[in-house]
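Notes follow once the structure below has been shown.
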2 protein chains.
Amino acid sequence: MSQSEGVFVQVPGSAVDWRQAPAGAEDVEGCPWAGCKQLLRKVGLRPTRQRLLLGWILFSKGDRHVTAEMLFEEAVKAKLPVSLATVYNTLHQFTQVGLLREIGVAGPKAFFDTNPSAHHHFLIEGEEALLDIPENAEVVLESPPTPPEGYEIARVDVVVRLRRTAAPV
Amino acid sequence: MSQSEGVFVQVPGSAVDWRQAPAGAEDVEGCPWAGCKQLLRKVGLRPTRQRLLLGWILFSKGDRHVTAEMLFEEAVKAKLPVSLATVYNTLHQFTQVGLLREIGVAGPKAFFDTNPSAHHHFLIEGEEALLDIPENAEVVLESPPTPPEGYEIARVDVVVRLRRTAAPV
DNA sequence: TTAGATGCAAATGGTTTGCATGCGT
DNA sequence: ACGCATGCAAACCATTTGCATCTAA
């Protein structure tokens, strides 16, 4: 379990940092394919072509917040033969195994965050854009509220909605 | 701005507490219809039969979190001739004028909160149920994060996701 | 070879819209 | 009477599903 403390992606206990590819892994265009393959195996997903490339698109560019459609378009641009349905499937599968985190806040479309660790978001009102709230400005709950009987806190989501300042000068 | 510290509903500056009906208002089945009528006028909405009754359903039972469908069903039960489309319209109109607050967190369905003041929610995972986090257990952000240049904080939404405790004993 | 993954298209479910009719002012 | 509000149904959009085909193990 001793993974090198992440460069920018830190995954929670259960999940795996996909960059921990063995030293000799063959990288394709700067992407540790082998690591991805291995990662998928580790989480019990067969490393198929589309999962491999979708994983690459998702995780090779730092933290991102994508919708199914955004990912689909990128995959198409990347010449990957993939269907929208598969993108949805893959996103949910990745989420189930902890590689992604679903953010259910920005309107009708579901956003997926490539950083599955606990952190919060800015939401730009009007545009449907999400920004990570930087860790160093971390939001801390002063007094976690007591959950009702029989329930426990699974997770706390904080969304700071932003609007453009009235007079940008 | 000095409103009596709320019993349970506190409305923010811009909005109006619909219970501030004049003393002599004729109440219909315990509901200050006249107050509702007047409230609707105040916010620039014509007090039509459906808006009146929908408002009554929404606001006469304390704080609630409703979906369009829930409200529609109640309206039907209440023998109000109303269409689902009108329920949607009305919900959005009420939201625009600050009588309601939309909560965009519980899956694909939109929830509307009859308490438009700043407060946060428990979300029961699995069921699509929302609970207010009681004021006295208020969640406070320790260090409100600095928004990026050109933006200001419009609102902070906190959702505490709950799951059933593993062993309820 | 065989279970699992994918592609396509059709189905679904929530929400919105267009237009003719109704109702509040 | 005028104009916004409503009702209905069709349109829309994001997402899911069923099934035949394909592919990784």
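The chains referred to below are lettered A, B, ... by the order of the sequence lines, with proteins before strands, and numbering in each begins at 1. This structure is a prediction, so every number in the text was calculated from the model and none was measured.
Taking only side-chain nitrogens and oxygens, R51(B) comes nearer than 4.0 Å to OP1 or OP2 of dT6(D). Regarding contacts with the backbone of dT16(D), every side-chain N or O of Y88(A) stays at 4.0 angstrom or more from both OP1 and OP2. Between T86(A) and dT6(C) there is no side-chain N or O to OP1 or OP2 distance below 4.0 Å. Applying the 4.0 Å criterion to OP1 and OP2 of dG7(D), one finds that Q50(B) has a side-chain N or O inside that range. Checking the phosphate oxygens (OP1, OP2) of dT6(D), a side-chain nitrogen or oxygen of T48(B) falls inside 4.0 Å.
Nearest-nucleotide mapping onto DNA chain D: of E69(A) and A85(A), the residue sitting toward the 5' end is E69(A). When the nearest nucleotides of DNA chain C are assigned to R41(B) and V87(A) by heavy-atom distance, the more 5′-ward of the two goes with V87(A).
Judged by distance alone, the side chain of R164(B) and the main-chain N or O of G150(A) form no donor-acceptor pair under 3.5 Å.
Of the candidate nucleotides dT16(D), dG7(C), dG14(C), dT16(D) has the atom nearest to the side chain of H92(A). When each of dT15(D), dG7(D), dA5(C) is scored by its nearest atom to the side-chain atoms of A68(A), the top-ranked nucleotide is dT15(D). Comparing dG24(C), dG7(C), dA24(D) against the side chain of R46(B) picks out dG24(C) as the nearest.
Ionic pairing of E74(B) and R64(B) is present here: one or more N-O contacts between side-chain nitrogen and carboxylate oxygen are shorter than 4.0 angstrom.
When rounded to the nearest whole Å, the span between CZ of F111(A) and P of dT15(D) equals 10 Å. One atom, CG of L71(B), and another, P of dT15(C), lie 12 Å apart when rounded to the nearest Å. Taking atom CD on E128(A) and atom P on dA14(D), their separation rounds to 9 Å, with Å as the unit. In this entry the distance linking CD1 of I103(B) with C1' of dG14(C) reads 17 Å, nearest Å. One can place CZ of R49(A) at 6 Å from P of dA24(D), the figure rounded to the nearest angstrom. At whole-Å resolution of the value, CG in L40(A) and P in dT23(D) are 18 Å apart. For the pair K37(B) NZ and dG24(C) P, the interatomic distance rounds to 9 Å; values are reported in whole Å. Between K109(A) atom NZ and dT16(D) atom P the separation is 15 Å, expressed in whole Å.
Two rings, from F111(B) and H121(B), have their centers 6.0 Å or more apart.
Side chain to side chain, H120(A) and D132(A) fail the donor-acceptor criterion of an N or O pair below 3.5 Å.
The nearest pair of heavy atoms linking I153(B) to V156(B) is CG2-CG2, 3.9 Å.
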